[in-house]
Amino acid sequence: MNDATPHHALEATATLAAFDTAATGLSQDEAARRLQRDGPNRLPAAPKRSPVLRFLRHFNNVLIYVLIAAAIVTAVLGHFVDTAVILVVVIANAVIGFVQEGRAEQAMAAIRDMLAPHTSVLRDGERRTIDSAEVVVGDVVLLEAGEKVPADLRLIEAKGLLVQEAILTGESVPVDKDTAPAPTDAPLGDRTAMAFSGTLVAAGTGRGVVIATGAATEIGRISGMLSTVETLTTPLVQQMDRFSRWLTVLILLIAAILLAFGYFLEHFAFADMFMIVVGISVAAIPEGLPAVLTITLAVGVQAMARRNAIVRRLPAIETLGAVSVICTDKTGTLTRNEMMVASVVTAGDRFEVEGAGYAPEGAIRRGETGIDAGAHEALGEIARAAALCNDAVLRDDGGSWTIQGDPMEGALLALSRKIGGISPRGEWRRADEIPFDARHRYMATLDRDGNGAARVSVKGAPERILAMCAGQRGPDDSIEKLDEHAWNEAAEAIAAKGQRVLAIATRSMADGHATLQHADLEGKLVLVGLVGLIDPPRPEAIAAVAQCRQAGIRVKMITGDHAGTAAAIGRQIGLENPDSVLTGTDLDMMDDAALGNAVAETDIFARTSPEHKLRLVTALQSRGLTVAMTGDGVNDAPALKRADAGIAMGLKGSEAAKEAAGLVLADDNFASIVAAVREGRTVYDNIKKVISWTLPTNAGEALTIIVALLFSMSLPVTAIQILWINLVTSITLGIALAFEPTEENTMRRPPRPRGQALLSAALTWHIVLVALLFLAGVLGIYAYAVDQGYSEALARTMAVNTIVVLEIFHLFFIRNLYGTSLTWAAVRGTKMVWATVLLVTAAQFAFTYLPVMQTAFGTVAVPVQDGMLIVGIGIVFFAVIEVEKQLRLALLAGRA
Ligand code: ATP
């Protein structure tokens, strides 16, 4: 070969020769050697940001700027202890943010590894699915619609192959591929004999030999590295970020007004007044909030991954918690996708098939009597067609039978061996095919035997196949007139049992015929029979559907299957309304308004194609619902993108679907969707809890000082004490809430309405109530201490301890936003809660009783009975807010 000629300009055979390989692929040994030599087929990872930079980034925040400025001013004023405390707050915040972010990023990286793409190659002449990282040059890769091209390929076969090359060329219209060489100087987009790494197969099938892997690919040369890591945020967290920033501005404004008020009207010394204002600002600014929210998200992502739901896009976590409708596929998601042929119908006979799993063992009966299937001609023909029009492989792994490929095709292989013995394929070899496509719902193959005789085998949805048949195979090998009515009835009868129905048809072609077109089928086929396949519902899906009903989430089944089958499975699985079914044809006849009305009450959509999914999502959304939609095929991508939560199947899903989805299910199981919704609700609740704890607590602290200042009282807590409170509580107690487990009634509440404001009336009221109670508690204990003739220092120490005790009780209250906090489980709490409570308590003891601390913070030891009184105040506070919550819950329950 001429080294200078690029592969897109060479004949495919020359490329095969250049890489010392063949159209049947490499051997496993040779592939292993090449993998050793060239390294894995991966783009080099982006260099990690230096830890120092990552650490410093945590200081780049308005809230922190304000604190740093305060630290500088206090230092200038000579209040070094204050400076130190502020700096400790700032640094502690950055350290916690840094450590947690690191852990969150690791978790995200691990999750990305779980999504590592796979690819099919030929090794030792056999089709094998391998990790895309193990692809080597010279490998022959098999491409199918929806897959991502794993490496740069020179195509050696292309059938209707369309590839979307936008990531390389920016051109979003898929490019037609073939195998003819292109001119040497053709630009990337015109090299039609090539398929480039990272591009997506939009339609058709193909094969190509790998010419470059990893960094040597075109995409590797352009980008040089993996795309950058996603930032750990969601719309809600961004909203809270903005909120915190504006809150900071507001607090600073109030602080400035207070400063002026204190200095000019109350004639405080400027330095004293300034320190007080700093104290208020630090108390009120929720500096820990953004970090805690990020931690909450990271905890949620990991919890979902444990439940087999892999988050691809973080905002999905939030929307999942709000989902009010789940639109799901049937096969494999609600059912096990472990198929077995249970019935066969021919022109004159009905048979039942026995057996278990994919083992090709089991009797074939007609009514009660067993028959000799080998002697039955029509059955023999079904066996052959089922085996030929089939891409699956059936394997005997020491008595346990497994399949590779589509389970339905695996079941057909088992059937054909039950009928026809070891080799129903006989001498027949495939010459051409029309692959299955969810839009036309059939698959056809053209096979030839050693003598050149050619025959076509077709399987697919009965109504589709019937429409292409000219006749039917009679009992005595004759070709009869097609009795469409009888076949339709037979199909309905099979479907009504919940079985998936397939029709099988054949025709013979002129000897030597080597290509297959749609035109070879239309009106020319002979129907041989119908087969019915059972695919039992997953028991856990039945439980999950029941859970959805409790949680106010409607489950809708959108399937490509027959209406009868769908209805039967819908009934078994417990859908709300399994009796009315709309088919794709029905949907086509409806305009958007009619569809909008119909989608609300219909739970089963049968014989749909992927395009219908998009219309259904839009119609449901137009009714104000938050829609989760599952998908696996390449054509499902638009609906997955459009849905509020697009969910792709991890096992049988195409790369295209996974890329469009926000969530990928590692086990394709409907129950995992429901688990993810539950986790989504938990994350939202925890975000809400973090906010519901932080804001009122901060407001309460600040209000106490403001009121004291306005009423010219002596301050119940000093500026430095306020700083201390912030140091010990906001970065400990707040974080505990990020790790809160799911509340017991989480899946018995209706979904939260779309676009519901986080700062609801209820939360605003809670802020006001708690702030007032804080005020009453702190000023109350201070007044009591003064009344007892205690020193100002003791009165202040008691006030500080009261604030901390109130915060702890508030934490226990917030943990159960939706239920009672007075259960054993609520008191037992979590390890995280108790750890932080113990930490804070220990810190408070040190603050109160350690001489060093007493000097630094101006505290004195609190007598035991007064300590008890402080705890007592906490208990009363808790009782008040708990009773208030119960009143509110009782009122709401009454309304529901
Ligand atoms: P669900 O939405 O429940 O998962 P599905 O996605 O499996 O259903 P499709 O794959 O669109 O549904 O299949 C629709 C119909 O096409 C099936 O009911 C069957 O009649 C036919 N069909 C499915 N797979 C094949 C295949 N490999 N060869 C021929 N026909 C098929």
Side-chain angles (χ1 to χ4, degrees), residues 144-146 205 327-339 341 385-392 403 405-413 433-445 456-468 491 494-495 498-505 521 525 530-538 541 555-570 572-573 575 581 583-584 604-613 616 629-636 639-640 647-649 651-654 657 665 668-670:
E144 271 171 34
T205 57
C327 298
T328 170
D329 290 339
K330 172 175 69 68
T331 311
T333 314
L334 292 172
T335 66
R336 295 193 194 171
N337 207 8
E338 284 163 16
M339 303 222 185
V341 175
L388 291 178
C389 185
N390 202 314
D391 289 323
I403 55 140
D406 180 359
M408 186 180 74
E409 296 196 336
L412 289 175
L413 284 185
E433 68 189 10
I434 298 173
F436 173 73
D437 178 328
R439 259 176 297 190
H440 55 235
R441 296 199 192 92
Y442 70 86
M443 163 176 173
T445 58
V456 175
S457 309
V458 188
K459 70 177 194 302
E463 66 277 12
R464 188 74 190 91
I465 302 291
L466 276 168
M468 296 193 290
I494 300 178
Q499 297 178 9
R500 164 173 271 211
V501 203
L502 273 186
I504 293 187
L521 310 177
L525 295 174
L530 301 177
V531 294
L533 298 108
I534 46 169
D535 177 15
R538 293 175 183 261
V555 180
K556 301 195 183 271
M557 179 202 281
I558 303 184
T559 172
D561 225 334
H562 192 285
T565 315
I569 298 285
Q572 292 172 18
I573 212 101
L575 293 188
V581 179
T583 64
I604 302 181
F605 300 90
R607 283 292 187 243
T608 53
S609 51
E611 289 73 18
H612 294 122
K613 284 191 174 178
L616 287 172
M629 166 69 82
T630 66
D632 48 18
V634 53
N635 300 322
D636 290 338
L640 291 177
I647 304 172
M649 299 299 147
L651 298 177
K652 68 167 185 171
S654 64
L665 298 183
D668 292 9
N669 192 337
F670 181 77

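Side chains included, hydrogens not; waters and symmetry mates left out as well; all remaining heavy atoms used. The first residue in the sequence is number 1, and the count goes up from there. Atoms within each ligand, like the ligands themselves, are counted from 1 in listed order.
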Near Met408, which atoms of ligand 1 are under 4.0 Å from a heavy atom of that residue?
23 (C), 24 (N), 25 (C), 26 (C), 27 (N), 31 (C)

Considering only NZ, NE, NH1 and NH2 on the basic side and carboxylate oxygens on the acidic side, decide whether Asp535 and Arg500 come within less than 4.0 Å.
no

Starting from atom 28 (N) of ligand 1, find the nearest protein heavy-atom neighbour and note its residue, name and distance.
Lys459 NZ, 3.2 Å

Write out the residue and atom name of the closest protein heavy atom to atom 14 (C) of ligand 1, then the distance separating them to 0.1 Å.
Gly560 O, 3.2 Å

Between Asp329 and Lys613, is there a side-chain N and carboxylate O pair less than 4.0 Å apart?
yes

For Leu502, the ligand 1 atoms with a heavy-atom partner under 4.0 Å come out as 19 (C), 20 (O), 30 (N)

Ligand-residue contact atoms, ligand 1 with Gly460, heavy atoms, under 4.0 Å
20 (O), 29 (C), 30 (N)

Could you check atom 21 (C) of ligand 1 against the protein and tell me its nearest heavy-atom contact, residue, atom and distance included?
Phe436 CE1, 3.7 Å

Could you tell me, atom by atom, which parts of ligand 1 come under 4.0 Å of a heavy atom of Asp561?
18 (O)

With heavy atoms only and a cut-off of under 4.0 Å, state how Arg607 meets ligand 1: side chain, backbone, both or neither.
side chain

Could you list which atoms of ligand 1 come closer than 4.0 Å to a heavy atom of Ile558?
2 (O)

Start with the C-alpha distance between Val341 and Leu412, add both sets of side-chain angles, then the distance that settles side-chain contact (heavy atoms from CB on, under 4.5 Å), and finish with yes or no.
CA-CA 7 Å; Val341 175; Leu412 289 175; 4.0 Å; yes

Heavy atoms only: which of Lys330, Met649, Glu409 is nearest to atom 27 (N) of ligand 1?
Glu409

Counting heavy atoms under 4.0 Å, the part of Thr565 that contacts ligand 1 is neither

Any idea which atoms of ligand 1 are less than 4.0 Å away from a heavy-atom of Asp406?
27 (N)

Verify atom 6 (O) of ligand 1: protein non-hydrogen atom under 4.0 angstrom away:
no

Looking only at non-hydrogen atoms, find the nearest pair between Ala503 and Pro462 and report the distance.
CB-CA, 3.7 Å

Shortest heavy-atom approach to atom 3 (O) of ligand 1 - which of Asp329, Ile465, Thr559:
Thr559

